[in-house]
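Worksheet: one structure, shown below.
Please read all numbers here as calculations on a predicted model, not as lab measurements.
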Amino acid sequence: RGSNRGRKLDMVAFDSCMAATVEALYEMRDSIGWLAGTESLMPGEGLHYRSLAQALDAASPPSPPELGEILARSFISRAEAGNVMAVFGSEHAEELAAACSRMARELHAAGREAGRLTLHRRVKMDNHGWDLESIARAALSPQGPLREVSNGPALEAAARKLLEAFKLCRSSLRRSGALASSSVGGLSIQWPEAGDYKQYLKFYKSTAFARATLWDEFLDWRELGLE
């Protein structure tokens, strides 16, 4: 922020494991136009830079979303089974964060009424993060908590709003292997176990996403028993 004469970078592409998070997108919303990355493991060969270089060297270079699709397609074509690559725009990052906050509020309310909720079919991407879209879809599933709690309609509305915000932000999604038929949407949100959350609680609370949303308050209650 404040660099590049006030202009956003067109795109930031992460050649690293599990870098596609809603926290990262929100943190950089004022500095970049698009974020490309994987919420899964990055294979040793990384991104396919030849495809990117050829696209950028073309007589008519692609737009950032078009380049993101080339990046995602070339990555998945070479990646090992069970990978995902997605591209998200920052223009609607505020709306996505607001939808996450609304979801956190309703999950918190439902949990206080019904106890420690179990969201079946949410997809864990690593020890700290869960796929964000799968959380929304798990809340809407027949095995979800909607019928167990009095705020079921509000929770359903929050989950649907989160999926709508996802569609606004995402321009590309490519999946392979076991993730190809899953509800993985390409962007994770932090949801660690209690021990891990305690370890980096101070850092997480300092992120722009935590300051702007109720997600950390939900984690405080869910993992640490705080009100």
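- With 3.5 Å as the limit, one finds a donor-acceptor pair spanning the side chains of Ser63 and Glu66.
- Side-chain heavy atoms closer than 4.5 Å link hydrophobic residues (I, L, V, M, F, W, Y) into clusters, and following such links, even through other members, never connects Val87 to Met18.
- Residues Trp215 and Leu226 fall within the same hydrophobic cluster, defined by Ile, Leu, Val, Met, Phe, Trp and Tyr side chains chained together at heavy-atom separations under 4.5 Å.
- The cluster map of Ile, Leu, Val, Met, Phe, Trp and Tyr, joined by side-chain heavy atoms under 4.5 Å apart, puts Met103 and Leu187 in the same cluster.
- Ring-plane geometry between Tyr200 and Tyr204 is classed as perpendicular, the angle between the planes exceeding 60 degrees on a 0 to 90 degree scale with a lower cut at 30.
- Taking Phe166 as the reference, Phe88 meet the ring-ring contact (aromatic ring centres under 6.0 Å, His included) condition, with sequence neighbours excluded.
- At most 12 heavy atoms of other shown residues, nucleotides or ligands fall within 6.0 angstrom of atom CZ in Arg112.
- Between Tyr197 and Gln190, the side chains place no donor N or O within less than 3.5 Å of an acceptor N or O (distance only, hydrogens not considered).
- Of all heavy-atom pairs between Ser51 and Ser74, the closest is OG-CB, 3.6 Å.
- Under a hydrophobic clustering in which Ile, Leu, Val, Met, Phe, Trp and Tyr are joined whenever their side-chain heavy atoms come within less than 4.5 Å, directly or via other members, Ile189 and Leu41 fall into different clusters.
- Summarising the local packing, NZ of Lys205 is surrounded by more than 12 heavy atoms from other residues, nucleotides or ligands at distances under 6.0 Å.
- Defined by atom type and a distance below 3.5 Å, a donor-acceptor pair is present between the side-chain atoms of Glu223 and Trp191.
- A continuous path of hydrophobic side-chain contacts links Leu35 to Leu96 [ILVMFWY only; heavy atoms under 4.5 Å].
- Separation of atoms CG (Leu132) and CG (Leu163) is listed at 8.5 Å; rounding is to 0.5 Å.
- In this structure, Thr21 OG1 and His128 NE2 are separated by 12.5 Å, a value rounded to the nearest 0.5 Å.
- Within a 6.0 Å radius of CD in Glu91, no more than 12 heavy atoms belonging to other residues, nucleotides or ligands are found.
- For the residue pair Asp131/Ser188, the side-chain donor-acceptor check at 3.5 Å is not satisfied.
- Between the side chains of Ser150 and Glu113, at least one donor-acceptor pair of N or O atoms lies under 3.5 Å.
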